[in-house]
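Heads up, the thing below is written out as structure tokens.
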Protein chains: 2
Amino acid sequence: MNQLLELGAVAPLYKGVKRLLTHELAAGDWRPGQALPSEAKLAQRFGVSIGTVRKAIDELVAERMVVRHQGRGTFVASHNASRLLFHFFHLVPRAGERQYPKTETLTFRRGRAEPQEAAKLRIAAGDPVFRIRNLLSLEGRAVAVDDQVLAQARFPDLTEKILVGRDNTIYHLYQTRYGINVLRTSERLRATLADLEVTRLLGVKRGAPLLEINRVALTYHEVPVELRRSLVNTEQHEYFSDLGKSEG
Amino acid sequence: MNQLLELGAVAPLYKGVKRLLTHELAAGDWRPGQALPSEAKLAQRFGVSIGTVRKAIDELVAERMVVRHQGRGTFVASHNASRLLFHFFHLVPRAGERQYPKTETLTFRRGRAEPQEAAKLRIAAGDPVFRIRNLLSLEGRAVAVDDQVLAQARFPDLTEKILVGRDNTIYHLYQTRYGINVLRTSERLRATLADLEVTRLLGVKRGAPLLEINRVALTYHEVPVELRRSLVNTEQHEYFSDLGKSEG
DNA sequence: AAGTGGTCTAGACCACCAT
DNA sequence: TGGTGGTCTAGACCACTTA
């Protein structure tokens with residue numbers, strides 16, 4: 001029996017395996033898209049049976065840390081367009097097909113974290129942050145304004161050029177350039193009114209109702225890595241939430 | 001090998017077991033809160049190993065059809081206050097603790113399904129429906145107005161008296177009186193403006209922004225059983241959506 | 001053909017609950 | 001004490017991918 005697998009109190013073996021694998025994933029021991037060792041090899045390394053390894057990986061799959069492909073292997077979950085669409089982008093046309101959003105970066109600034117922001121990002125108030133404003137479009141029509149807040153410490157050399165120059169989703173950038181793998185989000189929604197500037201950006205009337213989405217993006221061990229406030233024009237689009245459909 | 005377990009094409013054994021159990025659950029063979037036969041007995045009945053039965057039940061648990069209790073057994077999932085709060089009620093105070101909502105039925109009427117409603121409920125346009133309006137309160141403050149639409153055929157003898165006289169959640173009523181077990185919901189959210197009547201009910205100003213939630217409640221085999229449109233005053237409360245947190 | 005994950009089995013033992 | 005679900009094992013075989 002492997003001592004490394006033991007947790008503080010009595011706990012199932014597979015939880016120990018899961019914990020070790022999670023730590024290796026969080027440490028970036030395997031690159032995104034790369035294959036993990038086969039189940040047989042992991043079983044051998046940890047000194048447990050394959051069934052126990054499978055049970056651990058089952059949970060990693062459920063938490064979207066890894067992806068299994070029969071006959072090929074188990075891979076570090078990678079951020080791409082389809083993952084964005086199915087797990088991280090929740091706006092759909094009121095009538096018609098789901099589509100990929102187009103993102104235009106409007107402003108990129110450096111600032112300091114407000115106390116509330118700092119608490120949500122688990123950093124100290126006043127710590128340096130990036131503030132990024134994006135305009136999201138669907139079918140060529142401006143639909144939402146995004147305001148992101150990131151701790152500079154977590155994205156050391158980020159510049160507007162890097163941000164704008166990317167040819168993939170921003171979570172793919174976080175993952176490949178900074179080793180930060182966004183696993184899930186926690187969102188709070190409310191209705192609000194458009195202010196003058198957003199009114200202009202979204203092409204709605206003053207006093208038009210907008211959907212406000214406050215998102216916290218989380219990585220391994222539930223660590224928050226991004227705040228985002230979106231203001232959405234819901235005349236032609238809606239936020240969807242299919243709950244209980246075997247996960248998120 | 002049991003012929004009954006076979007599906008149309010080649011499919012894993014445990015999928016067949018799951019299918020049979022789901023059909024028995026949908027047919028109401030076991031009452032809500034009642035124990036299913038033990039895994040050993042099910043394995044014997046279906047002529048498969050316990051491991052195969054466990055895998056089938058794992059999926060039923062993930063889809064919230066049943067609940068397992070170590071040492072006691074596996075039970076038909078039952079609608080109670082805590083299940084409501086964790087899976088079907090998504091409004092939380094912007095600051096403070098989650099609370100159970102108080103529901104007051106304002107109106108109870110009979111009518112006919114509009115074409116759009118009929119499509120969503122999978123009934124024919126013009127079929128008889130119930131239309132129910134509720135006022136939801138949290139901490140003694142009116143927070144939302146609910147408009148429900150139900151097919152009369154699915155709730156044969158429903159009356160206002162039965163509805164108001166219940167001492168539990170409405171999904172508990174659906175389950176115990178009509179054998180309809182709501183398993184999950186699909187929701188679409190947008191921002192809208194308060195009309196005159198809702199303005200009065202929620203105590204907000206004319207032109208105040210409200211959160212509009214359009215819900216479809218689904219039972220076994222993804223059959224829709226209830227439509228609900230909620231208008232929410234989000235000055236003090238918000239809609240939360242924690243996605244990917246090992247199921248929705 | 002070799003390697004991977006997916007299914008299925010049979011059995012041992014443990015943890016928990018009711019009685 | 002007996003019954004239940006939970007864990008863990010070892011091995012066989014299947015399905016799929018890659019070379």
Side-chain angles (χ1 to χ4, degrees), chain A residues 1-21 25 30 33-78 246, chain B residues 1-21 25 30 33-78 246:
Chain A
M1 205 68 36
N2 194 329
Q3 286 296 115
L4 290 177
L5 296 181
E6 289 185 12
L7 298 167
V10 250
L13 252 185
Y14 76 88
K15 290 284 186 188
V17 173
K18 179 188 175 188
R19 179 177 140 270
L20 288 176
L21 290 173
L25 286 164
W30 301 295
Q34 191 183 336
L36 271 61
S38 72
E39 295 176 350
K41 279 175 190 145
L42 289 173
Q44 196 171 19
R45 178 204 293 184
F46 294 132
V48 300
S49 76
I50 283 191
T52 300
V53 170
R54 279 190 67 76
K55 188 148 185 175
I57 294 180
D58 281 347
E59 296 200 351
L60 299 184
V61 170
E63 294 169 27
R64 304 214 198 89
M65 294 184 196
V66 301
V67 180
R68 281 205 264 233
H69 291 293
Q70 187 174 5
R72 294 207 285 134
T74 302
F75 303 83
V76 181
S78 181
S246 41
Chain B
M1 204 68 35
N2 192 330
Q3 286 297 115
L4 289 176
L5 296 181
E6 287 185 12
L7 298 167
V10 248
L13 252 186
Y14 77 89
K15 290 284 186 187
V17 173
K18 179 187 175 190
R19 179 175 140 271
L20 288 177
L21 290 174
L25 285 163
W30 302 295
Q34 190 182 338
L36 272 61
S38 72
E39 296 175 349
K41 278 175 190 144
L42 289 173
Q44 196 171 19
R45 179 205 291 184
F46 295 132
V48 302
S49 76
I50 283 193
T52 300
V53 169
R54 279 190 67 75
K55 187 145 187 178
I57 295 180
D58 281 347
E59 296 200 352
L60 299 184
V61 169
E63 292 169 28
R64 304 215 197 87
M65 294 184 197
V66 301
V67 180
R68 282 205 264 232
H69 291 294
Q70 188 175 4
R72 294 206 285 132
T74 302
F75 303 82
V76 181
S78 180
S246 43

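The sequence lines fix the lettering, A, B, ..., with proteins before strands; numbering per chain opens at 1.
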Checklist entry - Do B:V66 and B:L21 have side chains that get closer than 4.5 Å, going by heavy atoms? => result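 No, too far: nothing below the 4.5 Å cut-off.
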Checklist entry - Less than 4.5 Å apart, any side-chain heavy atom of B:I57 and any of B:L42? => result yes
Which of the following nucleotides, [options], is nearest to the side chain of [X]?
| X | options | result |
| --- | --- | --- |
| A:V48 | D:dT9, C:dT4, D:dG5 | D:dT9 |
| B:T74 | D:dG5, D:dC8, C:dA10 | D:dG5 |
| A:P12 | D:dT7, C:dT4, C:dC8 | D:dT7 |

Without decimals, in angstroms, what is the distance between [X] [atom1] and [N] [atom2]?
| X | N | atom1 | atom2 | answer |
| --- | --- | --- | --- | --- |
| B:I50 | D:dC8 | CD1 | P | 17 Å |
| A:K55 | C:dG5 | NZ | P | 19 Å |
| B:R54 | D:dT9 | CZ | P | 15 Å |
| A:E39 | D:dT9 | CD | P | 14 Å |
| B:F46 | C:dC8 | CZ | P | 14 Å |
| B:L13 | C:dG6 | CG | C1' | 13 Å |
| A:Y14 | C:dC14 | OH | P | 18 Å |
| A:K41 | C:dG5 | NZ | C1' | 13 Å |

Checklist entry - CZ/B:R54 to CZ/B:R68 distance, rounded to the nearest 0.5 angstrom? => result 4.5 Å
Next on the checklist: As an exercise, state the distance from OH of A:Y14 to CG of A:D58, rounded to the nearest 0.5 Å.
Outcome noted: 9.5 Å
Polar-atom pairs under 3.5 Å, protein N or O versus N or O of nucleotides 12-18 of chain D: list them with distances, or write none.
residue: D:dA15; atom: N3; partner: A:Q70; partner atom: NE2; Å: 3.2

Checklist entry - Would you find more than 12 non-hydrogen atoms of other residues, nucleotides or ligands less than 6.0 Å from A:Q44 atom CD? => result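 No, not enclosed.
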Next on the checklist: For C:dG6 and A:R68 - does any side-chain N or O of the residue sit under 4.0 Å from the phosphate oxygens OP1/OP2?
Outcome noted: yes
Checklist entry - So does A:S38 get a side-chain nitrogen or oxygen closer than 4.0 Å to the phosphate oxygens (OP1/OP2) of C:dT4? => result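 Yes, such a contact exists.
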Item to check | Residue pair A:R45 / A:P37: nearest heavy atoms and the distance that separates them | outcome: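 Shortest heavy-atom contact: NH2-CG, 3.8 Å.
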Checklist entry - For A:L25 and A:L60, what are the C-alpha separation, side-chain angles and deciding distance, and is it a side chain to side chain contact (heavy atoms under 4.5 Å, CB included)? => result CA-CA 10 Å; A:L25 286 164; A:L60 299 184; 4.2 Å; yes
